[in-house]
Amino acid sequence: MSIVVTRIDERLIHGQVAYSWSVAYQVTEFIVIDDRVAADPTQHLLLSLAVPSGKRHAILSVEDAVKYLVEQSDQEKTFIVVKSPRVLLSLIEKGIILPSINVGGMYYKVGKQEISKTVYLDEEDKSIFLKIRDHGIPCEIRTSPNDKSIDLFTKI
């Protein structure tokens, strides 16, 4: 398996993710990992419509994603997208190796504080990111591939 981008974006697959990131990183498949979304046929349909023509995609629960990623060949250039850092920590703890994490869209909710224009974190999010850092995985804030990368850990 060749994971070329791992992104946290509460919107999952949308125009910017589907096109700008897939072109910049020559992505051949999108993997959405979210237990709720994986169980919702309507979400499957909507997300499938956002995937560019000719790209593979899968919408998986965490458990199914671990199995899929372990069995995946190196021929695919995989873009993983999740809503929350908790999902990525779970993958890491189950043995999935993530080269880096892009944080692009964690939006405002009560109790969260602004880290950047598109990233708001609460204490639980910060704690999860620090556990991810303990695994040696760099985390960056970047909305689009052309933006300057900002080290998330300098902001928390």
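Fair warning: this is a prediction, and the values are worked out from it, not measured in the lab. For reference, positions follow the sequence shown, starting with 1.
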Practice problem: Report yes if some heavy atom in the side chain of T28 is under 4.5 Å from a heavy atom in the side chain of V4; otherwise report no. | Solution: no
Quiz item: Is any side-chain heavy atom of R7 less than 4.5 Å from a side-chain heavy atom of V103?
Solution: no
Quiz item: salt bridge (charged side-chain N to carboxylate O under 4.0 Å, His left out) with E114: which residues, sequence neighbours excluded?
Solution: none
Can you hop from [X] to [Y] via hydrophobic side chains spaced under 4.5 Å?
X	Y	answer
L46	I31	no
Y25	V32	yes
I80	V70	yes
Y107	I141	no

Quiz item: Is the count of non-hydrogen atoms from other residues, nucleotides or ligands lying under 6.0 Å from K112 atom NZ greater than 12?
Solution: yes
Quiz item: Does K117 NZ have over 12 foreign heavy atoms under 6.0 Å away?
Solution: no
Exercise. List for me each residue that meets ring-ring contact (aromatic ring centres under 6.0 Å, His included) alongside Y108, sequence neighbours excluded, and say none if there are none.
Key: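 Here the qualifying residues are Y120.
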Return the [atom1] to [atom2] distance between [X] and [Y], rounded to the nearest 0.5 Å.
X	Y	atom1	atom2	result
I137	I132	CD1	CD1	6.5 Å
I13	Y19	CD1	OH	10.5 Å
T154	E140	OG1	CD	11.5 Å
H14	D9	NE2	CG	3.5 Å
L69	I97	CG	CD1	11.5 Å
I92	K131	CD1	NZ	12.0 Å

Self-check item: side-chain contact (heavy atoms from CB on, under 4.5 Å) between L152 and R133, worked out
Solution: CA-CA 10 Å; L152 172 79; R133 181 179 68 182; over 6 Å; no
Which heavy-atom pair separates [X] from [Y] by the least distance, and what is that distance?
X	Y	result
L91	A65	CD2-CB, 4.4 Å
S144	W21	C-CZ2, 3.5 Å
A38	H44	O-NE2, 2.9 Å
V66	I96	O-CD1, 4.0 Å
A39	P41	O-CD, 3.5 Å
G136	P138	O-CD, 3.5 Å

Say whether, by atom type as modelled, one donor and one acceptor occur between the side chain of [X] and the main chain of [Y] under 3.5 angstrom.
X	Y	value
N102	R142	yes
S100	C139	no
H57	S48	no
T118	G104	yes

Exercise. Apply the test side-chain contact (heavy atoms from CB on, under 4.5 Å) to residues I8 and F129: give CA-CA distance (whole Å), side-chain angles for both, the deciding distance (0.1 Å), then the verdict.
Key: CA-CA 12 Å; I8 300 171; F129 277 118; 3.7 Å; yes
Quiz item: salt bridge (charged side-chain N to carboxylate O under 4.0 Å, His left out): which pairs involve residues 22-42, sequence neighbours left out?
Solution: E29-R56
Exercise. Take L88 and I128, measure what side-chain contact (heavy atoms from CB on, under 4.5 Å) needs, and give me the verdict at the end.
Key: CA-CA 9 Å; L88 297 179; I128 292 168; over 6 Å; no
Quiz item: Could you go step by step and tell me if M106 and K83 meet the side-chain contact (heavy atoms from CB on, under 4.5 Å) rule?
Solution: CA-CA 8 Å; M106 294 179 67; K83 290 183 178 185; over 6 Å; no
